[in-house]
Amino acid sequence: MNELDRLPIPLLEWYRDNARALPWRPAPGSRTLGDPYRVWVSEIMLQQTRVAAVLDYYQRFMAALPTVEALAAVEEDRLMKLWQGLGYYNRARNLRKAAQQITGECGGRFPDTYEGLLALAGVGEYTAGAIASIAFGAPVPAVDGNVLRVVSRITGDEGDIARPETKKRMGSALQAVMPRQDPGDFNQAMMELGAMVCLPNGAPRCEACPAGGFCRARREERTGQLPVKTAQKARRTERRTVYLIFHGDTVALRRRPGRGLLAGLWEYPNQAGGGLEPLTQWGIVPRSVEPVGVGKHVFSHIEWHMGALAVEAAEVSLPEDWVWADQAGLRSTYAVPSAFQSFAKTVEQRLQGE
DNA sequence: AACACGGGGTT
DNA sequence: AACCCAGTGTT
């Protein structure tokens, strides 16, 4: 028998005493199920995103779109504005797509099985397991990055956690020890343990761990070597010029393409490289051009180094899919990604001062 | 299996 | 600067 057999009882006890109160989380130990819609929205927001980053977005999102029906009917631009700054914007589009699946092909009934949930857009193996267990009490594991790290260390498993085969093996091992009474608490406890105690980067708080007495990595002093994970690819760097084009008390925004990076969001016109040629190409006649600072933004796979030019436009006409945005529009209508946040102050001052 | 896809916190 | 986060979809 392996170390995981000894885990459920001390883990659940630890969770009852140490779980954070979260807006989508049923009271730990209460054996009450989570609300499916609330749990679902939270799980999508939490994909590759920390709890602290999600909290405010979650509250605003639930206030604006309190039901599956409201989500299914929301305008895409409003949806993007609610998601602005959270990243991985396809999550939001898939969320709406799935809401339409539920109100449509599911006849308005929220899927209540692992397989049914897995069929929803944006719901993969992890999320299906999380919702099935937390909202419906199904005894299926939810294997995320936290859980992979915890299982790797407790069992001393040296399998590469980036490999599907490893995820499958650890999922099966968890399935076998999962308590039938409260699978939702068990899954959340595993993740909570990974987030609060069994920390990455070789700095786990083993003295506070309910598995400390039987954890293999701790006993063998291998917490610094586990989990095993293939290193991620290096980023490429792009140098771009961002054009802050002003006209009166407005600034030019253009919509990004519908696919790819930051799809469908709004941005200040920008171009790899730079110079003044792009302005001509866009049909912008500049009254004045002035460098107004630099910005850097790091994506997971790209690094943008940006230099900004403030342009006073003499012409009012703009290319297709561009708009003149005023302060109110920037604040409440157009979803502009964080990559351009470093220019917000400059833009605001210009629109203010004019 | 490899890659695209954001943004930010921690070490 | 590296790591990684309550991962999923596409190629």
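In what follows, chains are A, B, ... by sequence order, proteins preceding strands, each numbered from 1. Since this is a predicted model, take the numbers as computed values, not measurements.
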Report yes if a side-chain nitrogen or oxygen of [X] is closer than 4.0 Å to either non-bridging phosphate oxygen (OP1 or OP2) of [N]; otherwise report no.
| X | N | answer |
| --- | --- | --- |
| A/His301 | B/dA4 | no |
| A/Gln47 | C/dG7 | no |
| A/Arg93 | C/dG9 | no |
| A/Asn146 | C/dA6 | yes |
| A/Thr127 | C/dT8 | yes |
| A/Arg259 | C/dT11 | yes |

Output the rounded distance in Å from [atom1] ([X]) to [atom2] ([N]).
| X | N | atom1 | atom2 | result |
| --- | --- | --- | --- | --- |
| A/Lys233 | C/dC3 | NZ | C1' | 18 Å |
| A/Arg163 | C/dG7 | CZ | C1' | 19 Å |
| A/Arg236 | B/dC3 | CZ | P | 12 Å |
| A/Asn94 | C/dT10 | CG | C1' | 12 Å |

Q: For A/Thr241 and A/Gly273, indicate whether the former's side chain and the latter's backbone hold a donor-acceptor pair under 3.5 Å.
A: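 Yes, the answer is positive, given that a donor and an acceptor are paired below the 3.5 Å cut-off.
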Q) Should the ring pair A/Trp282 and A/Tyr243 be called parallel, tilted or perpendicular, given that the plane angle runs from 0 to 90° and is split at 30 and 60? A)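 Judged by the thresholds at 30° and 60°, the geometry between A/Trp282 and A/Tyr243 is perpendicular.
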(Q) By nearest atom, which of the nucleotides B/dG6, C/dC3, C/dA6 is closest to the A/Tyr88 side chain? (A)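 My answer, after comparing the listed nucleotides, is B/dG6.
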Q: Among A/Lys168, A/Lys167, A/Arg163, find the residue that satisfies the salt bridge (charged side-chain N to carboxylate O under 4.0 Å, His left out) test when tested with A/Glu165.
A: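 When salt bridge (charged side-chain N to carboxylate O under 4.0 Å, His left out) is applied between A/Glu165 and each of A/Lys168, A/Lys167, A/Arg163, only A/Arg163 qualifies.
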